[in-house]
Amino acid sequence: MEFQMDIIEKENAFELCSDTGETLGAVEFVEKGNKVDSTQTRVNEELRSQGFAAQLILKTIEKAKANNLEVGATCSYAKHYLETMDKQG
């Protein structure tokens, strides 16, 4: 089954939503001083390993950069993603 999905910004989160409005995943974050910290990332089990969590993290990075904020993570997935990006340069 193929879904039409959108990423929608909510208060302190980006949500991955289906065309019916169902939330299929999300990244939650907090803004602390000059930093955006990703605190939790989740995607429905049937959609894992398809790049949706990475898309959510990228939205958080875009938000931080647009507001001249640093990016951080306490969420293990987001932390791993950011470390991988740093290694790739």
Side-chain angles (χ1 to χ4, degrees):
M1 174 181 275
E2 193 165 316
F3 293 99
Q4 173 68 32
M5 291 181 246
D6 293 307
I7 296 177
I8 299 168
E9 185 171 2
K10 302 280 184 152
E11 184 175 348
N12 296 320
F14 284 102
E15 292 183 355
L16 179 68
C17 297
S18 71
D19 55 354
T20 62
E22 179 184 5
T23 300
L24 304 171
V27 60
E28 296 174 9
F29 57 84
V30 293
E31 291 186 38
K32 298 178 187 174
N34 67 338
K35 189 175 193 176
V36 172
D37 181 22
S38 297
T39 58
Q40 181 178 11
T41 307
R42 63 186 181 285
V43 175
N44 286 10
E45 191 170 333
E46 66 271 10
L47 297 175
R48 292 184 183 160
S49 300
Q50 297 182 46
F52 294 115
Q55 289 179 34
L56 291 164
I57 298 299
L58 285 172
K59 280 292 198 182
T60 307
I61 293 169
E62 289 173 12
K63 177 181 178 65
K65 287 184 177 182
N67 292 289
N68 295 315
L69 299 171
E70 294 178 25
V71 178
T74 51
C75 162
S76 60
Y77 176 83
K79 189 179 289 188
H80 173 76
Y81 186 90
L82 293 173
E83 288 170 355
T84 301
M85 280 184 57
D86 284 345
K87 289 178 186 174
Q88 292 176 356

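From a predicted model like this one, the values you see are computed outputs, not experimental measurements.
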Requested in this report: Would you mind listing every ring pair (Phe, Tyr, Trp, His ring centres under 6.0 Å) that reaches into residues 14-35, with sequence neighbours excluded?
Outcome: Phe14-Phe29
Requested in this report: Looking only at non-hydrogen atoms, find the nearest pair between Cys17 and Thr23 and report the distance.
Outcome: SG-OG1, 4.2 Å
Using atom types as modelled, flag every donor-acceptor pair under 3.5 Å from a side chain in residues 53-68 to any protein atom, sequence neighbours excluded.
from, atom 1, to, atom 2, distance (Å)
Thr60, OG1, Leu56, O, 3.2
Lys63, NZ, Glu9, OE2, 2.9
Asn67, ND2, Lys63, O, 2.8

**Report entry** For Thr20, all residues meeting side chain to side chain contact (heavy atoms under 4.5 Å, CB included), sequence neighbours excluded
**Finding:** Ser18, Glu22
Report summary line: Across all chains, not counting sequence neighbours, the side chain to side chain contact (heavy atoms under 4.5 Å, CB included) partners of Gln50 are Leu47, Phe52
Requested in this report: Measure the CG-CD distance between Asp6 and Glu15 for me, rounded to the nearest 0.5 Å.
Outcome: 12.0 Å
Taking only distance into account, with no hydrogens and no angle test, what donor-acceptor pairs under 3.5 Å do side-chain atoms of residues 34-43 form with protein atoms, sequence neighbours excluded?
from, atom 1, to, atom 2, distance (Å)
Asn34, ND2, Glu70, OE2, 3.3
Asp37, OD1, Ala73, N, 3.2
Asp37, OD1, Thr74, N, 2.9
Thr39, OG1, Glu28, O, 3.2
Arg42, NH1, Glu28, OE2, 3.0

